[in-house]
Amino acid sequence: MTTTQSPPRAQAPPRRASVLDTLRIGAVVLAPTIARGVLARRPRIVAMADALDADRRAARLLRRMRARYGPGPLLLRIPGRSIALVLSAGDVRRVLTGSPEPFAAANREKRAALARFQPHGVLISTGADRADRRRFNEAVLDTARPVHRMADAITRKIQEEAGDLLAAADADGTLTWDGFRRTWWRLVRRIVLGDAARDDSELTDLLTRLRMDANWSFFHPGRRIVRERFQRRLREHLRREEPGSLAALVGGMPTTPRTEPADQVPQWLFAFEPAGMAVFRTLAVLAGHPEQAARARAEIDGRDLSRPQDLPYLRACVEESVRLWPTTLAILRDTTTETDWGGTTLPAGTALAILTAFVQRDDETLPFADRFVPEIWLDGTAKENWSVVPFSGGPVECPGRNLVELVAGTFLAVLLEDHDHRLASRRPLTPDRPLPRTLNPFDLRFDVRRRNAERIS
């Protein structure tokens, strides 16, 4: 999960962009990324970004900037804030393996945003507070285990909710994002808080409102009443400590006065939403890639999906979807001290931004940049390449990675087991042309047909 490997020395020093190039980057790269919503996506803006293939435009500009200024961090001329874009895999490695010191995950903008609804969350904690909360998160999420201790209960819930979703799709032959999202949130509430929270859509609607406000970081005053309503409902669910849920582990886990257990839970809730987007996009790309779809179904064939199964290829498909269309738009770090970088000193407090849509689709260094190749997650290619970081990396890698992949892979398996899904809302995503850099999940729609009806009946 973590690494003690010493980060390599940076290959190139940082360079400072001109004012004009800073403005170009702001207009073509940063503004569209921020407008989409870093913590909660804005569907209309995502649709515009998809129509314009905004991430491809951004990538073209960043490649030109790298050719002009070199592969080292690119410092932008922004008044009052030292910000550098990380443009090479070696520098990504240095930043992620050097977190949380000297590259703090509790970045200034991230703190201002997440404090709106989880002021003591591990992502915006430092020092002893962070160490204590990270320990708690890893203990509840079973970070060190390939399979979560509650996998049996989680798998049963997945089977039930995915089954209900497919029953609705059987009725009208269609699967849309709205139906998928409602089902996915019911599942998430059951996994995190218990079955009694299944239909508490108000809880997650309140969280979404808070996340939408948090998109503005410093520039939104916050909603105290909404936050208090959310926290009150969340604590009511946590107090039940319902068996078979993460809430039961929260209640039974050793804590200290630093831990603030209830403030760790919102992160688990909202981190699952982009995992749902990843599943839906994976379904879309598999619909246009018959070879990979056949291999995925072969992995499922004969398995009892009501019980936890090892599904490495399905998990690899989800991971590859997140590489292609990152759910975390930017990985942010702040330097905690003056930092030597190739003979140049970065001041303490410099923000380092890893733009995932650029580094994970860098076609100058990744021969598979615009192709769907789940195999890279099985043959060691992805593990060895620091451009490919869908769950971050190093000591601050997502502690829920294995749990998220269990849920996403199993849910996808149930959807594929006895049904065919044809992408009906857009041009198919096929291996004979580069995959789009931006893919709007909200607009995806599938024609669904049951297979092997005689075996199922």
Side-chain angles (χ1 to χ4, degrees), residues 37-41 105-107 109-126 129-130 132-143 181 184-194 196-217 220-242 245-251 253 255 258-277 327-329 332 391-392 396 398-401 403-404 407:
V38 175
L39 293 180
R41 300 294 185 266
N107 157 270
E109 288 76 16
K110 192 190 301 182
R111 292 199 311 269
L114 294 180
R116 306 287 185 186
F117 56 91
Q118 51 181 48
H120 305 103
V122 65
L123 287 183
I124 54 174
S125 301
T126 58
D129 287 342
R130 184 194 177 281
D132 180 89
R133 293 163 189 168
R134 177 76 185 197
R135 172 201 56 77
F136 176 83
N137 275 266
E138 291 188 354
V140 174
L141 300 175
D142 271 353
T143 300
R181 182 180 185 274
W184 186 259
W185 268 123
R186 285 195 290 264
L187 173 63
V188 170
R189 291 189 293 265
R190 291 180 70 185
I191 291 171
V192 177
L193 300 172
R198 177 184 187 268
D199 297 317
D200 189 1
S201 58
E202 182 178 354
L203 174 79
T204 40
D205 287 347
L206 290 169
L207 178 57
T208 299
R209 287 179 64 186
L210 292 168
R211 291 164 54 210
M212 284 289 190
D213 294 342
N215 281 335
W216 295 99
S217 191
H220 193 283
R223 298 182 191 267
R224 180 182 59 81
I225 294 175
V226 174
R227 183 180 69 248
E228 290 174 353
R229 283 173 58 196
F230 167 72
Q231 291 174 334
R232 184 165 57 250
R233 293 184 78 91
L234 177 63
R235 284 177 166 80
E236 288 171 1
H237 288 302
L238 290 173
R239 276 195 291 270
R240 283 197 318 274
E241 299 181 13
E242 186 178 307
S245 71
L246 298 185
L249 298 181
V250 170
M253 201 63 63
T255 61
R258 297 181 182 274
T259 307
E260 302 285 354
D263 255 17
Q264 312 313 310
V265 179
Q267 181 69 31
W268 309 341
L269 285 168
F270 95 71
F272 268 112
E273 184 180 43
M277 294 181 188
T327 53
T328 299
L329 301 181
L332 302 176
F391 291 87
S392 187
V396 188
C398 173
R401 178 173 186 165
L403 175 57
V404 166
V407 174

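Numbers for residues simply follow the sequence, beginning at 1. What you see is a predicted model, and the numbers here were worked out from it, not measured in a lab.
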Whether N215 side chain and A40 backbone form a donor-acceptor pair below 3.5 Å: yes
W268 side-chain N/O to N137 backbone N/O, donor-acceptor pair under 3.5 Å: no
Interatomic distance, L403 atom CG to R401 atom CZ [nearest 0.5 angstrom]: 13.0 Å
Charged N-O contact under 4.0 Å between R134 and E138: yes
Non-hydrogen atoms of T255 and R135 that approach each other most closely: CA-NH2, 4.3 Å
Closest non-hydrogen atom pair, E242 against A248: O-CB, 3.3 Å
Aromatic ring pairing F117/F270, orientation class (parallel under 30°, perpendicular over 60°, tilted between): perpendicular
Interatomic spacing from CD1 in I191 to CZ in R198 - rounded to 0.5 Å: 12.5 Å
Presence of salt bridge, E228 and R224, under 4.0 angstrom: yes
From CG (L234) to CG (D200), nearest 0.5 Å: 10.0 Å
Beyond-backbone contact of W184 with V407, side-chain heavy atoms, under 4.5 angstrom: yes
Gap between atom CD of E273 and atom CG of L39 - 0.5 Å precision: 11.0 Å
Nearest atoms (heavy-atom pairs only) where V140 meets L249: O-CD1, 3.5 Å
Atom of T143, atom of P399 and distance for their closest heavy-atom approach: OG1-O, 2.7 Å
pair L193-R233: side-chain heavy atoms closer than 4.5 Å: no
Non-hydrogen side-chain atoms of F136 and V250 separated by less than 4.5 Å: yes
Side-chain (Q118) to main-chain (V265) donor-acceptor, under 3.5 angstrom: no
Nearest heavy-atom neighbours spanning H120 and D263: N-OD2, 2.7 Å
Exam field: side chain K110 to backbone L123, donor-acceptor pair closer than 3.5 Å: no
Inter-residue atom distance E260.CD - D129.CG, 0.5 Å rounding: 8.5 Å
Interatomic distance, S245 atom OG to R240 atom CZ [nearest 0.5 angstrom]: 7.5 Å
Stepwise side chain to side chain contact (heavy atoms under 4.5 Å, CB included) check, L329 with R41: CA-CA 10 Å; L329 301 181; R41 300 294 185 266; 3.6 Å; yes
Identified side-chain hydrogen bond (donor to acceptor under 3.5 Å, both in side chains) counterpart of S125 within the set Q264, R133, R258, R130: R133
Residue from R189, R209, R211 passing side-chain contact (heavy atoms from CB on, under 4.5 Å) with T204: R189
Minimum heavy-atom distance P266-L207, with the two atoms named: O-CD2, 4.1 Å
Side-chain touch V226/D213, heavy atoms, less than 4.5 angstrom: no
